[in-house]
Amino acid sequence: MDKIRPRTLSGFMELLPPAQAKMELFMQTLRDSYSLYGFAPLDTPIIEDAEVLLAKGGGETEKQIYRFMKGDSDLALRFDLTVPLAKYVALNYGQLTFPFRRYQIGKVYRGERAQRGRFREFYQADIDIIGDGRLDIMSEAEIPAVIYHTFSALGLRRFCINLNNRKVLNGFFEILGLGAISGDVMRAIDRLDKIGPEKTRAMLTELGVAPDTAGEIMRFIGAAGTNAQKLNMLEAYRGKNGLFDLGLDELRAVASYLPAFGVPEEHCAINLTIARGLDYYTGTVYETTMLDYPEIGSICSGGRYDDLAAYYTDKNLPGVGISIGVTRLFFVLEEQNLLSQRIISSPSDLLVIPMTDDPAFAVACATAMRRAGIRTQVYTENKKFKAKISYADKLGVPFVAFIGQDEVDSGNMAVKDMTSGEQRSLSPQDAAGYIANELSCRRGAALIEEK
RNA sequence: GUGGGUAUAGCUCAGGUGGUUAGAGCGCUAGGUUGUGGCCCUAGAGGCCGACGGUUCGAGUCCGUUUAUCCACCCCA
């Protein structure tokens with residue numbers, strides 16, 4: 001009989017158990033970090049009514065969204081977590097307490113061509129703070145702290161949160177008389193780090209920007225130095241444009257609270273080239289990059305927006321949020337070999353191997369170990385001894401307990417440390433203490449270990 | 001959506017100018033005798049050479065079509 005060839009669609013990540021164990025730890029670390037800052041967990045359906053998801057319509061979203069009919073229902077898979085959040089907040093407005101702080105980690109779908117590090121199904125890990133009518137600048141100032149803590153908790157050290165403000169950029173363009181093409185100009189300067197100053201200048205010229213104006217833009221966005229020095233440079237433009245002045249005040253406020261939030265300046269820098277492609281950002285924007293892997297691009301992006309749910313409600317709901325591309329980041333970390341080898345990725349801490357015809361004592365030992373919190377499985381297949389211990393070896397189970405006739409007679413367990421090869425005969429109670437103690441010494445390794 | 005590359009064992013890949021039973025490494029299975037894994041040795045299983053069509057006495061190899069996949073661009077996480 002012909003078999004159907006098993007296959008997984010391109011662009012869909014499917015991991016083997018050891019890698020999946022690390023992925024789970026990754027996401028648990030994110031959950032713990034987000035919740036430490038007072039964000040509430042939220043989940044929403046993967047499938048929504050197409051009319052709801054495509055409320056905004058047009059553009060890339062329309063082209064990339066998975067959409068299908070089920071009977072008479074026009075359905076679509078969510079392509080991010082922000083649109084479902086907007087719907088959720090509009091729908092449950094009366095029952096939510098504002099500012100509404102939620103985190104959500106979930107799969108999203110984009111029907112585009114998959115390639116290296118680009119997936120069609122991937123996890124996003126979002127946090128957002130939604131205000132009712134207004135939202136203080138302090139929420140924008142707090143976001144870098146959450147990003148900093150989250151990546152630090154993962155074990156990442158070599159990263160930088162880039163800060164900018166859309167009002168500063170748009171105000172600056174208005175000062176230069178480029179207000180009409182600010183979107184195109186922003187797109188051009190956003191690519192500075194990727195294509196270099198010459199090509200950026202050429203793009204500006206193509207847009208019809210006069211040479212000396214282009215020069216001023218290049219000087220402006222290329223500003224170097226500390227955050228304080230960059231803010232001083234910006235002060236030179238104060239008084240020429242209301243929007244710019246407002247943005248400068250916001251940027252200054254966000255930067256000034258970094259120390260109180262515990263964010264070191266070397267991890268959070270004003271970068272005037274950061275524009276973000278998404279057009280709904282209206283204030284602070286964030287983009288986090290790994291210092292040793294700039295080619296990867298942003299691993300966490302977000303910003304301030306003025307009206308989250310305008311398509312669903314008349315309520316004005318300004319907010320600020322960020323998204324970590326979990327699947328891409330995990331893929332890159334694995335590819336760069338930055339995931340710690342010290343993480344215990346075994347599904348069990350202990351494998352109990354019965355060697356007598358009646359496994360009752362072995363099962364009783366396993367029960368005692370589980371009561372002590374030790375993740376335990378019993379090997380019950382009737383195979384040769386070698387195959388049994390090899391099973392533990394392949395799974396990376398750190399401890400094995402042999403239960404043969406000697407053990408049944410003595411009431412002890414023969415506990416072997418698979419790393420050292422050392423073996424000792426212990427009562428179940430002593431064995432539980434020994435294993436738990438050893439494990440606690442080995443746990444706690446960070447997920448990411450930079451070279 | 002645009003441009004380029006690649007499809008041979010479970011995985012990574014060899015297979016000059018067409019020529020008999022298509023190979024390697026890793027992995028897998030079984031041995032190397034009794035209650036000790038990793039290393040080593042031996043043996044074995046496993047392929048309609050992506051699919052369809054063409055050229056030819058003969059195609060894994062050449063040509064066409066198609067599908068899948070990868071890379072780059074666009075855009076993004």
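Lettering follows sequence order; numbering is per chain, from 1.
Side-chain contact check for D126(A) versus R102(A): some heavy-atom pair is nearer than 4.5 Å. When side chains are defined from C-beta on, P318(A) does not count as touching Y305(A), because their heavy atoms never get closer than 4.5 Å. Side-chain contact between Y37(A) and I129(A): absent, with no pair of heavy atoms (C-beta onward) separated by less than 4.5 Å. Between I189(A) and F173(A), some side-chain heavy-atom pair lies under the 4.5 Å cut-off.
The phosphate of C74(B) (OP1 or OP2) has a side-chain N or O of R191(A) nearer than 4.0 angstrom.
Spacing between atom NZ of K63(A) and atom P of U2(B) amounts to 11 Å, rounded to whole angstrom units. At whole-Å resolution of the value, CG in D406(A) and P in U34(B) are 16 Å apart. If you take CD1 of I353(A) and P of G35(B), they are 12 Å apart, rounded to a whole angstrom. Rounded to whole Å, atom C1' of U36(B) lies 14 Å from atom CG of D417(A). Atom pair Y123(A):OH and A77(B):C1' shows a separation of 15 Å (rounding to whole Å applied). The distance from atom CG of D409(A) to atom P of G35(B) is 16 Å, rounded to the nearest whole Å. Atom pair I274(A):CD1 and A77(B):C1' shows a separation of 15 Å (rounding to whole Å applied). In this structure, N412(A) atom CG and G35(B) atom C1' are separated by 16 Å, rounded to whole Å.
By the 4.0 Å N-to-carboxylate-O rule, E140(A) lies close enough to R304(A) to be salt-bridged with it. Salt bridge R116(A)/E335(A): present, at least one basic N to carboxylate O contact under 4.0 Å. In summary, D417(A) and R442(A) engage in a salt bridge, as defined by a charged side-chain N under 4.0 Å from a carboxylate O.
Comparing A72(B), G32(B), A77(B) by their closest approach to the side chain of K384(A) singles out G32(B). Among C71(B), C76(B), U36(B), the nucleotide with an atom closest to any side-chain atom of Q423(A) is U36(B). With distances taken from any side-chain atom of E112(A) to the nucleotides C28(B), C75(B), G37(B), the minimum falls on C75(B). The side chain of R116(A) lies closest to A72(B), out of U36(B), A72(B), U69(B). Distances from the side chain of Q115(A) to the nucleotides G35(B), G37(B), C71(B) place C71(B) closest. Closest to the F402(A) side chain, of the nucleotides G37(B), G35(B), C28(B), is G35(B). In this structure, of U2(B), C74(B), G37(B), it is U2(B) that holds the atom nearest to the side chain of R113(A).
When the P atom is compared between G60(B) and A22(B), the two are found 10 Å apart, to the nearest whole Å. The P atoms of G38(B) and C28(B) are separated by 11 Å, rounded to the nearest whole Å. Here, U36(B) and A24(B) have their C1' atoms 33 Å apart, quoted to the whole Å. Separating the C1' atom of G32(B) from that of U20(B) is a span of 38 Å, rounded to the nearest Å. Comparing the same atom, C1', in G35(B) and in U21(B) gives a spacing of 46 Å after rounding to whole Å. Atom C1' of G18(B) sits at a distance of 45 Å from the matching atom of C39(B), rounded to the whole Å. Across the C1' atoms, A68(B) and U56(B) are found 29 Å apart, a figure rounded to whole Å. Between C41(B) and C26(B), the two P atoms lie 9 Å apart (nearest whole Å).
Residue E407(A) is in base contact, counting any heavy-atom pair closer than 4.0 Å across all strands shown. At the heavy-atom level, G421(A) lies under 4.0 Å from base atoms of the strands shown. Here R328(A) lies in heavy-atom contact (under 4.0 Å) with a base. Residue R110(A) is classed as a base contact, given a heavy-atom separation below 4.0 Å to a base. Nucleic acid contact for K388(A): none, since no nucleic acid atom lies under 4.0 Å from a heavy atom of the residue.
Taking for each of M418(A) and A114(A) the nucleotide of RNA chain B with the nearest heavy atom, the 5'-most of the two is the partner of M418(A). Remark on RNA chain B: of its neighbouring residues Q64(A) and S10(A), the 5'-side contact belongs to S10(A), judged by nearest-heavy-atom nucleotide.
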Q | Dot-bracket pairing map - RNA chain B, Watson-Crick plus G-U, both contacts under 3.5 Å, | cross-strand | A | (((((((..((((.....[...)))).(((((.......))))).....(((((..]....))))))))))))....
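Where stacking is scored as ring centres under 5.5 Å apart with planes under 30°, F119(A) does not register as stacked on the base of A77(B).
Annotation: Y123(A) is not in aromatic contact with F330(A) [ring centroid separation under 6.0 Å not met].
Annotation: R371(A), atom CZ; neighbour count of heavy atoms from other residues, nucleotides and ligands within 6.0 Å does not exceed 12. Within a 6.0 Å sphere centred on CG of N92(A), other residues, nucleotides and ligands contribute more than 12 heavy atoms.
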